[in-house]
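Notes for the one structure printed next.
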Amino acid sequence: MFSHLAMGQLAMGEWQTHFSYDNVNTIAQSPNRVYAVSNGALFSVDKQDGSLEFYSKLSGLNDASVSDVVYSSDNDCLIIIYENSNIDIMRSGGITNVPDLYNKQLGTSKAINDVFVYADLAYLSCDFGLMVVNLAKNEVAETCYIGENAAQVKVLNAVVYHDSIYAVTENALYAAAVSDPNIVNYEYWNVTQSDNLPGDGVIEQIHSFENDLLLLRNGKVYKKSLNGNVWENVLNDVDILSLHASNGVLMGMTASSVLRISQDYTYDIIPLANPHDAVLDDVRNMIWIAGDALGVVSYNNSDQTISYYKPSGPAVNIPYRMTFSNGRLFVLQGGRWAVQYDRLGVVMIYENGKWNNILHTEFPLLPTGSYPKDFMSVIVDPLDNKHFYVTSYGMGLYEFVNDELYEHYTFENSTISTIFPNGNLSQKYHYMRMDGGLIDSEGNLWVVSSLVDNGLNVMDIQKRWTALSYGNVINCPTLGLIIMPNEGSSRKWILCHRERPGIVFYDDNNTPYDNSDDFASMISSFTDQDNNTLSPSEYYSIAVDKNGAVWVGTDIGPLVFSDAEASFNSNQCTRIKIPRNDGTNLADFLLENEKINAIAIDGANRKWIGTESSGLYLMSENGQETIEHFTTQNSPLLSNQILSLAINSTTGEVFVGTGAGLLSYQSDAAEGNENITKISAYPNPVREDFNGVVTITGLVDGSIVKITDISGNLVCETRSNGSLATWDCKNKWGHKVSTGIYLAICVSEDGSEYGKTKILVIE
């Protein structure tokens, strides 16, 4: 019915979302599909064949992070509510944005807590009152402040019951005539305070079911008939978390089941852990359930069979830190800054289009009874991509073999230190604040810890640990990311992220287990090429490019150290200047005063730079040319806050971790091959409806690619970015080529490598 995006092979320049589907908490049904929301992601299940469709900014949505969906059968549309209070109305003909509430300036929260549809109107229960949207006109009709003297009140949900509209807050029930044109005036609302309502505790929902008005309060359900004034307790033997009336049947969600409630308030039990929502499909005699980690669950009322529909995806939508190694993407939700973020330890692995999530429940509990939390960095064995280590900002180091937990290293079985060696059990096990790590060319594992005397620890291939002291830089309390710019070198760079921030330079002098000849220094202030003194307050990211230059992301923009060896323990750096080209000979520093959260280097040595609030930049090799600047306004980017970046060096796919989730972009650069072998092109053949570019793969960096027709006439010429070159199916005059077979003749820059492939173009 609606536009969609299916997961699959990315074409050049295309994007793909990678959402979590482990927390399905809201569903809505149309005649043919069941729509579901999980961790802000929207997808649907075809009722007939079970096929899945996915919706995002890529498919035309106007925002990210969906919080609720409601289907209007009268208007044949899906109402999509976003966490930021933006609203989309999706029909078969397209998507209409209703941004009035999103754009509205309010001094309080604009959150939308519930949506109730009545005829052409959608009543939005908001933190400030009620907002009414006319679905036929795709516009806001009214905003109602129903509190005393037009005060803002947090409306939990609303319902139309016969000739009245009812709305509840946590401590009151409001009512007004639904046809009254004056409901925008608070004086036309009658209010019943909690003291005059049945039960006690917090009011949770109001519902209409058959001829009864239902009130859910503190887990108990009360009904009042149309002509009655007395509330009666029903379903008093169960604790109800939420209610949903659907096609003449009332659904009640408990902690461990869905109750199918009949008109006489007897019920059948469908056992299911942690259900959130349910609707009855009376045409197929099925119940569709928002099943949390189980995905969308269908229950057949006829034969009691249960089916599950859950897309592959990461466990959570927080890509705080990412690593791509040997064909696999590793994603962690973090995190740390001043303190731990207290996020459960989950390792998310993406390989060959599928996700494998190692959940916190698969880890043994600590002696404190806690699951691991705040995973920070993944260090992958270069010889075995299923052997890796994960650091925790508080709970030590975890080793995995064949993607299963193999060992947990703590202060008890390694030289890893706890901040409170003499503290209580919780302090000892929750304050091993680890972050960055690496494996050197000899197979030694190096890991970094904060706020301890021995901030650097190394484990050799025999699992023997050595603790190393920083000596004169011991006062750096927030050590984090560590890199070794030159393979085989004994020199390491370590970021001190905040609180006495700077860069720690460490050299073990090729004796990693002997601290006596080590060198350690920390520099907090640097001097650029114009003799400006730079003292960043925060350091976020670090990367080494293909020329050996170190790029460091700070709160004042990127700092560049042009030669890692020459810059070791030097306070000299460079800031990239961007000429204004306005006749003044003036220039601006690249992303000056921007927070640079992430930096990644692609196969053409270009720089991908992720900022805190300005989106994603692709800069040229020297950093002076902006090739792309992706934002939420000009691309499918989910958020302008970029948390992390990782690149598949073989394919050139760039994974972008944003504040609203993970997505990837197929770039036109990948790591160059050593030799030209197995040249191929895709798509091939190029169909008449294709409007993208043809990608030619299998090249060495800088290969010259000549496109000729079958007679050998030159059509156009280009050069590869790493192993990739692209052709827009146009000739050198910019005209679309005609149907025919074309040759891509590829020669390395020095002429030593040669190859070709055929491309069929159909016009």
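The structure presented is a predicted model; accordingly, all values stated were derived computationally and were not measured. Excluded from the calculations below are hydrogen atoms, water molecules and symmetry mates; all remaining heavy atoms, backbone and side chain alike, are included.
- With rounding to the nearest 0.5 Å, the separation of CD1 in I609 from OG in S541 is 8.5 Å.
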Full working for side-chain hydrogen bond (donor to acceptor under 3.5 Å, both in side chains) between Y539 and H497: CA-CA 5 Å; Y539 290 74; H497 289 289; over 6 Å; no
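- A donor-acceptor pair is defined here as one N or O able to donate and one able to accept, closer than 3.5 Å; such a pair exists between the side chain of N648 and the backbone of T650.
- A side-chain N or O of S377 and one of R321 form a donor-acceptor pair less than 3.5 Å apart.
- A ring-centre distance under 6.0 Å is not found for F561 and W551.
- A donor and an acceptor atom, one from each side chain of E53 and Y55, are located under 3.5 Å apart.
- Look at D403 and R328 and you find a salt bridge, because one of the NZ, NE, NH1 or NH2 atoms lies within 4.0 Å of a carboxylate O, short of that distance.
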Please evaluate residues K386 and D381 with respect to the criterion salt bridge (charged side-chain N to carboxylate O under 4.0 Å, His left out), reporting the C-alpha separation (whole Å), side-chain torsions for both, the decisive distance (0.1 Å), and the verdict. CA-CA 8 Å; K386 292 190 175 183; D381 185 339; over 6 Å; no
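- A distance-only check finds no donor-acceptor pair linking the side chain of T658 to the backbone of L638 [under 3.5 Å].
- Side chain to side chain, S664 and E653 meet the donor-acceptor criterion of an N or O pair below 3.5 Å.
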Please determine whether ring-ring contact (aromatic ring centres under 6.0 Å, His included) holds for the pair F519 and F505, giving the CA-CA distance in whole Å, both sets of side-chain angles, and the decisive distance to 0.1 Å. CA-CA 8 Å; F519 168 84; F505 298 93; 8.3 Å; no
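- By the salt bridge (Lys or Arg N to Asp or Glu O under 4.0 Å) test, D528 is found to be paired with R575, residues two or more places apart in sequence or in another chain being considered.
- One side chain, S521 or N569, offers a donor N or O that lies under 3.5 Å from an acceptor on the other.
- A distance-only check finds no donor-acceptor pair linking the side chain of N731 to the backbone of V737 [under 3.5 Å].
- Atom CD of E688 is surrounded by more than 12 heavy atoms from other residues, nucleotides or ligands within 6.0 Å.
- Of the possible polar contacts, one joining the K57 side chain to the L637 backbone as a donor-acceptor pair under 3.5 Å is found.
- Salt bridge status for E717 with K732: absent, with no side-chain N to carboxylate O gap under 4.0 Å.
- There is no side-chain donor-acceptor pair under 3.5 Å between S738 and E763.
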Show your reasoning for whether ring-ring contact (aromatic ring centres under 6.0 Å, His included) applies to F54 and Y21. CA-CA 11 Å; F54 304 88; Y21 301 100; 5.8 Å; yes
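- With sequence neighbours left out, the salt bridge (Lys or Arg N to Asp or Glu O under 4.0 Å) criterion links K730 to no other residue.
- A donor-acceptor contact under 3.5 angstrom links the side chains of Y389 and E399, judged on distance only.
- Remark: the S680 side chain and the T697 side chain contain an N/O donor-acceptor pair separated by less than 3.5 Å.
- Residue-environment remark: OH (Y754) exceeds the threshold of 12 foreign heavy atoms within 6.0 Å.
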Stepwise ring-ring contact (aromatic ring centres under 6.0 Å, His included) check, Y350 with H18: CA-CA 10 Å; Y350 182 66; H18 300 270; 4.9 Å; yes
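- Between the N39 side chain and the F19 main chain, no donor and acceptor come within less than 3.5 Å of each other.
- Side chains of Y506 and D518: a donor on one and an acceptor on the other come within 3.5 Å.
- Side-chain N or O atoms of H629 include none that pairs as donor or acceptor with a backbone N or O of N634 at under 3.5 Å.
- Using modelled atom types and a 3.5 Å distance limit, the side chains of E612 and Q641 yield a donor-acceptor pair.
- Partners of D668 according to the salt bridge (Lys or Arg N to Asp or Glu O under 4.0 Å) rule, which considers only residues two or more places apart in sequence or in another chain, are R606.
- Between the side chains of D750 and S752, at least one donor-acceptor pair of N or O atoms lies under 3.5 Å.
- A donor-acceptor pair under 3.5 Å is formed between the side chain of N385 and the backbone N or O of N326.
- Electrostatic pairing of D588 and R580 counts as a salt bridge here, judged by a charged N lying under 4.0 Å from a carboxylate O.
- Between the S635 side chain and the T632 main chain, no donor and acceptor come within less than 3.5 Å of each other.
- N547 and E621 form a side-chain donor-acceptor contact under 3.5 Å, judged by distance and modelled atom types alone.
- Contact check on K607 versus D545 returns a salt bridge, with a Lys/Arg side-chain nitrogen under 4.0 Å from an Asp/Glu carboxylate oxygen.
- Looking at heavy atoms from C-beta onward, I741 lies out of side-chain contact with I759 at the 4.5 angstrom threshold.
- Using modelled atom types, one finds no donor on one side chain facing an acceptor on the other under 3.5 Å when comparing N713 with S711.
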